[in-house]
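Fair warning: this is a prediction, and the values are worked out from it, not measured in the lab.
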Amino acid sequence: QVQLVESGGGLVQAGGSLRVSCAASGSIFRIDDMGWYRQAPGKQRELVATITSGGNTNYADSVKGRFTISRDNAKNTVYLQMNSLKPEDTAVYYCNVDLVPQFTDQVMGVLTGYWGQGTQVTVSS
């Protein structure tokens, strides 16, 4: 019953900004790492940024200095603030959340990676 819902994608001109969000809901015992990946047409999915439960972040070289990942643990939500966007940032952006689901009051699952449905980000030149 775990669900990830993404929002915030859209169309923006080069140099502009967007923020995408991903909220996890359902029966969750614990959330560990959260991250964003993207997939452009004809290309493989690639890592954009990750953030640990302690707030440590990691970025792809292509987005360092332009994108910022953050999380709100109280809301089980991860954000990606994207500034100085370039046409090559155009892709479907997917969130990935490593979490432990809770099946009953006494029974928990194992640490598993869940994916959001994806949100389109298009940067025009």
Side-chain angles (χ1 to χ4, degrees):
Q1 293 97 343
V2 174
Q3 189 176 18
L4 302 186
V5 177
E6 301 182 25
S7 61
L11 172 65
V12 65
Q13 288 188 331
S17 299
L18 277 176
R19 188 176 83 155
V20 291
S21 304
C22 172
S25 62
S27 299
I28 299 170
F29 175 72
R30 187 184 80 237
I31 294 179
D32 286 359
D33 294 354
M34 308 177 87
W36 288 95
Y37 293 72
R38 66 187 181 187
Q39 187 166 19
K43 296 187 176 181
Q44 289 190 334
R45 192 172 297 189
E46 63 176 5
L47 170 73
V48 176
T50 61
I51 184 167
T52 69
S53 57
N56 293 318
T57 58
N58 179 56
Y59 296 93
D61 288 342
S62 59
V63 306
K64 281 181 181 177
R66 300 187 298 121
F67 290 12
T68 302
I69 189 171
S70 62
R71 63 192 284 171
D72 184 334
N73 292 329
K75 295 181 179 180
N76 290 344
T77 299
V78 60
Y79 306 95
L80 185 69
Q81 176 67 43
M82 302 179 285
N83 299 328
S84 302
L85 281 159
K86 305 175 181 179
E88 51 263 44
D89 294 318
T90 295
V92 178
Y93 283 70
Y94 298 91
C95 65
N96 179 269
V97 177
D98 292 336
L99 61 86
V100 177
Q102 183 146 18
F103 297 134
T104 70
D105 289 346
Q106 306 285 337
V107 179
M108 294 170 290
V110 298
L111 186 65
T112 304
Y114 288 77
W115 290 93
Q117 81 280 9
T119 185
Q120 177 70 46
V121 171
T122 303
V123 185
S124 63
S125 57

Can you list the steps and then say if Arg38 with Leu80 is a side-chain contact (heavy atoms from CB on, under 4.5 Å)?
CA-CA 12 Å; Arg38 66 187 181 187; Leu80 185 69; over 6 Å; no

Go through Val123 and Val121 one step at a time and tell me if the side-chain contact (heavy atoms from CB on, under 4.5 Å) criterion holds.
CA-CA 7 Å; Val123 185; Val121 171; 4.3 Å; yes

Evaluation steps, side-chain contact (heavy atoms from CB on, under 4.5 Å), between Asn73 and Ile31
CA-CA 8 Å; Asn73 292 329; Ile31 294 179; over 6 Å; no

Would you sort out whether Tyr59 and Arg66 count as a side-chain contact (heavy atoms from CB on, under 4.5 Å), showing the intermediate values?
CA-CA 10 Å; Tyr59 296 93; Arg66 300 187 298 121; over 6 Å; no

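By the 4.5 Å heavy-atom criterion applied to side chains, Tyr93 and Cys22 are not counted as neighbours. Here the side chains of Glu6 and Val20 are not in contact, with every heavy-atom distance at 4.5 Å or above. With contacts defined as side-chain heavy-atom distances shorter than 4.5 Å, the pair Asp98/Asp33 qualifies. Inter-residue side-chain proximity for Ile28 and Val97 is flagged as unmet; no heavy-atom pair is nearer than 4.5 Å.
Of the candidates Thr112, Asp32, Val2, Val2 is the only one forming a side-chain contact (heavy atoms from CB on, under 4.5 Å) with Leu99.
Within a 6.0 Å radius of CZ in Phe29, other residues, nucleotides and ligands contribute 12 heavy atoms or fewer.
Note that CG of Leu85 and OG1 of Thr122 are 10.5 Å apart. Values are rounded to the nearest 0.5 Å. In this structure, CD on Gln3 lies 12.0 Å from OH on Tyr114, to the nearest 0.5 angstrom. A distance of 11.5 Å separates OG1 of Thr57 from CZ of Arg71, quoted to the nearest 0.5 Å. In this structure, OG in Ser53 is found 8.0 Å from CZ in Arg30, a value given to the nearest 0.5 Å. For the atom pair Gln120 CD and Leu11 CG, the distance stands at 9.5 Å (nearest 0.5 Å). The distance from the CG atom of Asp72 to the CE atom of Met34 is 9.5 Å, given to the nearest 0.5 Å.
Between Ala40 and Thr90 the shortest heavy-atom distance is CB-O, 3.7 Å. In terms of heavy-atom proximity, Ala24 sits nearest to Leu4 at CB-CD2, 3.3 Å. In this structure, Thr77 and Ser21 approach most closely via the heavy-atom pair CG2-CB, 4.5 Å. Closest of all the heavy-atom pairs between Val78 and Cys95 is CG1-CB, 4.4 Å. Minimum heavy-atom separation, Asp61 to Lys64: OD1-NZ, 3.1 Å. The two residues Pro87 and Ser125 make their nearest non-hydrogen contact at CG-CB, 3.8 Å.
Linking Ile, Leu, Val, Met, Phe, Trp and Tyr whenever their side-chain heavy atoms come within less than 4.5 Å leaves Tyr94 and Val63 in two separate clusters. Both Val12 and Val48 belong to a single network of hydrophobic side chains, linked directly or stepwise wherever heavy atoms of I, L, V, M, F, W or Y lie under 4.5 Å apart. Following chains of ILVMFWY side-chain contacts shorter than 4.5 Å, one cannot reach Val100 starting from Phe103, and the two form parts of different hydrophobic clusters.
Between Asp89 and Lys86 no salt bridge is recorded (no basic side-chain N to carboxylate O distance below 4.0 Å).
Residues satisfying the ring pair (Phe, Tyr, Trp, His ring centres under 6.0 Å) criterion with Tyr37, sequence neighbours excluded, are Trp115.
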